[in-house]
Amino acid sequence: MMTQMSLSRWLKVVMGGIAVCGAVVYFYLIPVFGKDLVNMYPEFSNCYMPWLIVIWLTAIPCYLILYFGWKIAVEIGRDHSFSMENAKYLKDISILALSDSGYFFLANLVLLLLNMNHPAIFLGSLLVEFAGVAVTVAAATLSHLVQKAAKIQQENELTI
């Protein structure tokens, strides 16, 4: 059986791995692939920087989500899995995921209207935005459930 401390450590290891992989994707792979596309299709050179900025800005909420996830892992390690703090962190995660999805949708739409995006890319990005909405719903649901569990736990602690 996994202890709270080992669960907390595993969560931190996973989040650290996600942070490293995200940094490689955001700050190495995307710029390199973007440059390759511009070299193959020079007519898209005016789209490179706007798209790069749009994508880099999506990293901010993603790393904030990892920060709140880390804080949840710390609380789990302290055996405070069902706490109002964790419910708040999960709510913050849901808000960040929704705002990131909304931002990416609007940025995609603006780039489409400026003729810096292809309709197929716009439609394909809806899958990414849907995944962000799914994270929003999951985090909001978990926040609600953790909050209810924290209230029940507080009531039980007061009962003799």
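- Within a 6.0 Å sphere centred on CZ of F27, other residues, nucleotides and ligands contribute more than 12 heavy atoms.
- Connection of L123 to L111 is not established within any shared hydrophobic cluster, with ILVMFWY side chains joined at heavy-atom distances below 4.5 Å, either directly or through further cluster members.
- Y28 and I60 fall within the same hydrophobic cluster, where Ile, Leu, Val, Met, Phe, Trp and Tyr residues are linked whenever their side-chain heavy atoms come under 4.5 Å apart, directly or through other members.
- Put simply, CG on L98 and OG1 on T136 are 4.5 Å apart, with the number rounded to the nearest 0.5 Å.
- A side-chain donor-acceptor contact under 3.5 Å links S125 and N108.
- Distance CD1/I95 to CG/L64: 12.0 Å, rounded to 0.5 Å.
- Under the 4.5 Å side-chain heavy-atom criterion for grouping Ile, Leu, Val, Met, Phe, Trp and Tyr, L114 is connected to Y48 within one hydrophobic cluster.
- In this structure the side chain of K151 reaches within 4.5 angstrom of the side chain of M84, judged on heavy atoms.
- Here the NZ-CE distance, from K35 to M40, works out to 14.0 Å after rounding to the nearest 0.5 Å.
- Residue V54 is not grouped with residue L127 when hydrophobic side chains (ILVMFWY) are merged at heavy-atom distances under 4.5 angstrom, including chains of intermediate members.
- Y41 is not listed as a side-chain neighbour of C47, based on a closest heavy-atom distance of 4.5 Å or more.
- Side-chain N or O atoms of S45 include none that pairs as donor or acceptor with a backbone N or O of V38 at under 3.5 Å.
- Ring pair W51/F104 is perpendicular by interplanar angle, where above 60° counts as perpendicular and below 30° as parallel.
- At a cut-off of 3.5 Å, with distance as the only test, no side-chain donor of S81 or E75 sits close to an acceptor on the other residue.
- Counting heavy atoms from C-beta outward, S83 and V146 have side chains that stay 4.5 Å or more apart.
- Proximity of Y103 to P61: side-chain heavy atoms (C-beta onward) are nowhere separated by under 4.5 Å.
- Applying the 6.0 Å contact sphere to CG of N115 captures no more than 12 heavy atoms from other residues, nucleotides or ligands.
- Contact of the K12 side chain with the V74 side chain is registered, since non-hydrogen atoms from C-beta on lie closer than 4.5 Å.
- Contact of the N86 side chain with the L142 side chain is not registered, since no non-hydrogen atoms from C-beta on lie closer than 4.5 Å.
- The cluster map of Ile, Leu, Val, Met, Phe, Trp and Tyr, joined by side-chain heavy atoms under 4.5 Å apart, puts I30 and F122 in different clusters.
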| request: Show the numbers, then the answer: is there a side chain to side chain contact (heavy atoms under 4.5 Å, CB included) between I93 and I72? | output: CA-CA 11 Å; I93 288 170; I72 290 170; 4.0 Å; yes
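- Of the possible polar contacts, none joining the S6 side chain to the M2 backbone as a donor-acceptor pair under 3.5 Å is found.
- In this structure, S8 contributes its side chain and A73 its backbone to a donor-acceptor pair below 3.5 Å.
- Listed here is the closest heavy atom pair of S101 and E129: OG-O, 3.5 Å.
- No donor-acceptor contact under 3.5 angstrom links the side chains of Y89 and S143, judged on distance only.
- Across A97 and G132, no two heavy atoms sit closer than the pair CB-O, 3.8 Å.
- The CE atom of M5 sits 10.5 Å away from the CG atom of D79 when rounded to the nearest 0.5 Å.
- Within the 4.5 Å cutoff, the side chain of K148 has no heavy atoms near those of the F82 side chain.
- Counting heavy atoms from C-beta on, the side chains of F68 and L96 come closer than 4.5 Å.
- No donor-acceptor pair closer than 3.5 Å links the side chain of Q147 to the backbone N or O of A87.
- Taking a 6.0 Å sphere around OH of Y26, one finds it holds more than 12 heavy atoms contributed by other residues, nucleotides or ligands.
- The only member of L57, I65, T58 that meets side chain to side chain contact (heavy atoms under 4.5 Å, CB included) when paired with D100 is T58.
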| request: Please lay out, stage by stage, how L126 and F105 fare under the test side chain to side chain contact (heavy atoms under 4.5 Å, CB included). | output: CA-CA 7 Å; L126 292 177; F105 174 78; 3.9 Å; yes
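- Ion pairing between K88 and E85 fails under the 4.0 Å rule for side-chain N and carboxylate O.
- For Y63, the OH atom is densely surrounded, since the number of other residues' heavy atoms within 6.0 Å is greater than 12.
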